[in-house]
Protein chains: 2
Amino acid sequence: MPKLGAEPIRRAALVKATIETVGEAGSLEVTVAQIARRAGMSSALAHHYFGSKEQIFLAAMRSILTLYGAEVRGALATATGPEARLRAIVAGSFGVGSFRREVISAWLNFYVLSQTQPEARRLLHVYQRRLRSNLRHELRPLVGSRAEAVARGLGALIDGVYIRAALAEGAPDRRYALKIVTEYLERELEGQA
Amino acid sequence: MPKLGAEPIRRAALVKATIETVGEAGSLEVTVAQIARRAGMSSALAHHYFGSKEQIFLAAMRSILTLYGAEVRGALATATGPEARLRAIVAGSFGVGSFRREVISAWLNFYVLSQTQPEARRLLHVYQRRLRSNLRHELRPLVGSRAEAVARGLGALIDGVYIRAALAEGAPDRRYALKIVTEYLERELEGQA
DNA sequence: AAGTTTATTGACTCGTCAATCAACAAAAAA
DNA sequence: TTTTTTGTTGATTGACGAGTCAATAAACTT
């Protein structure tokens, strides 16, 4: 029953299933069979399309990073002026798509993966550099020479809030997460003004 | 060639080897045999003393948390007054024992472990609660009602800085890590003063 | 209609690894 | 000195899981 053009659909289903499976399990120690089952296909097919488990993970990670990027860009679209743009970047970082249980948990796991996997590490570095550069750019006119340090601090704080959300039970609290980071930003800005 | 009283020595060696192995591998996917070899014994002996791989990991995690607690307490010993004590807690969090490559990496991995392992989760919660409570207690006289939020922010920032250090290449920069967190603290305090 | 490409899976291989066990060795206790 | 306790390991078991393969089938091409 081969409906042609299945490839992109299958790939997407696998990526989604991977994030869900890893997120639920809270671990990368999930089997290709589990992922494939959740995506409604055999493990052989998963291998057929991705070649290896590693590639499946990388695709899932790319998907997460892409989603994250899209949310930041979306928030940034309507923001004018450095402060508004900074707030947008922060808000985008806690977007509804990214700041969800499974995604957060998957994120944490991919973080660990990038300790071993060069490509995963590369992806993460790209994301971190871009975020930091964005922040620094908007911070420059507001806090001058402190821009670099504040950008790093904000980046680390965002990661920290994510990681803590991964561990907290119950649904992660976006509002609260956002508040913590926004207040940090406000303190940094008010000193300088 | 049984030298008596080997148990505590073997256990300690295994714990140390576990942290090193997990830290170097950057993953929990290390074998008991690898750990045991590094500790200079057979895998059978590791099982003999700990019963299971899980127990070995938990012991290693306890060891890390104990070390961390000791460093904070050490820093706290000579500090008087809320601000000095806050600085001590932060400094202790980046102590030379805890803020080392393998330990940081192991820490990150145990963080992931606590998504699956109830006992690991419990341990981590205890540490987080204690840290937050300590911070809150010293913050109260300085920032009043904001104490809770600032304590959470500091905790998250510390975790975030750790996690980023795990990914950075080369030796982790204690000074810089400390500076980021200390500056955050200073901003929060100067607003209120 | 024959041939090719795409989709799909069940069954299998091969390696790995946690955990167990039987056996051996040396110290301590009886 | 026998017995028991403590220390130690090589060999083995049993399970599990990534990746391969042969086979089947439906579409699309010529």
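Just so we're on the same page: letters track the sequence lines, and every chain starts at 1.
Note that CD of B/Gln117 is 9.0 Å distant from CE of B/Met61, once rounded to the nearest 0.5 Å. In this structure, CZ on A/Arg152 lies 13.0 Å from CG on A/Leu139, to the nearest 0.5 angstrom. Expressed to the nearest 0.5 Å, how far CD1 of B/Ile35 lies from CZ of B/Arg38 amounts to 9.5 Å.
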Inset, instruction - List the steps, then state whether salt bridge (Lys or Arg N to Asp or Glu O under 4.0 Å) holds for B/Arg100 with B/Glu20. - result: CA-CA 11 Å; B/Arg100 268 180 315 167; B/Glu20 288 169 4; over 6 Å; no
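Using a 4.0 Å heavy-atom criterion, one finds that B/Thr31 contacts the sugar-phosphate atoms exclusively. Note on B/Tyr49: only backbone sugar-phosphate atoms sit closer than 4.0 angstrom, heavy atoms only; bases stay farther off.
Looking only at side-chain heavy atoms (C-beta outward), A/Phe110 and A/Leu28 come within less than 4.5 Å of each other.
Residue A/Leu45 contributes atom CG, which lies 15 Å from atom C1' of D/dA18 at whole-angstrom precision. Rounded to whole angstrom, the span from the CD atom of B/Glu29 across to the C1' atom of C/dC17 amounts to 12 Å. Whole-Å rounding puts the B/Arg37 CZ to C/dT16 P distance at 13 Å. Across the protein-nucleic acid pair, A/Met41 atom CE and C/dT6 atom P stand 18 Å apart, rounded to whole Å. Between B/Phe50 atom CZ and C/dA18 atom C1' there is a gap of 16 Å when expressed in whole angstrom units. A straight line from CD of B/Gln34 to P of C/dT16 spans 12 Å, rounded to a whole angstrom.
Proximity of residues 5-27 of chain A to DNA chain C (heavy atom under 4.0 angstrom from any strand atom) is restricted to A/Gly5, A/Ala6, A/Glu7, A/Arg10.
Side-chain contact, B/Thr21 with B/Gln34: no donor N or O sits under 3.5 Å from an acceptor N or O.
Taken together through direct or relayed side-chain contacts under 4.5 Å among Ile, Leu, Val, Met, Phe, Trp and Tyr, A/Leu185 and B/Leu189 form part of one hydrophobic cluster. Following chains of ILVMFWY side-chain contacts shorter than 4.5 Å, one can reach B/Tyr176 starting from A/Val150, so the two form part of one hydrophobic cluster.
Under 4.0 Å is where a charged nitrogen must lie from a carboxylate oxygen, and between B/Glu7 and B/Arg11 at least one such pair does.
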Which atom pairs link the protein and nucleotides 19-21 of chain C when you take only N or O atoms and keep those under 3.5 Å?
| residue | atom | partner | partner atom | Å |
| --- | --- | --- | --- | --- |
| C/dA19 | OP2 | B/His47 | NE2 | 3.2 |
| C/dA19 | OP2 | B/Lys53 | N | 2.9 |

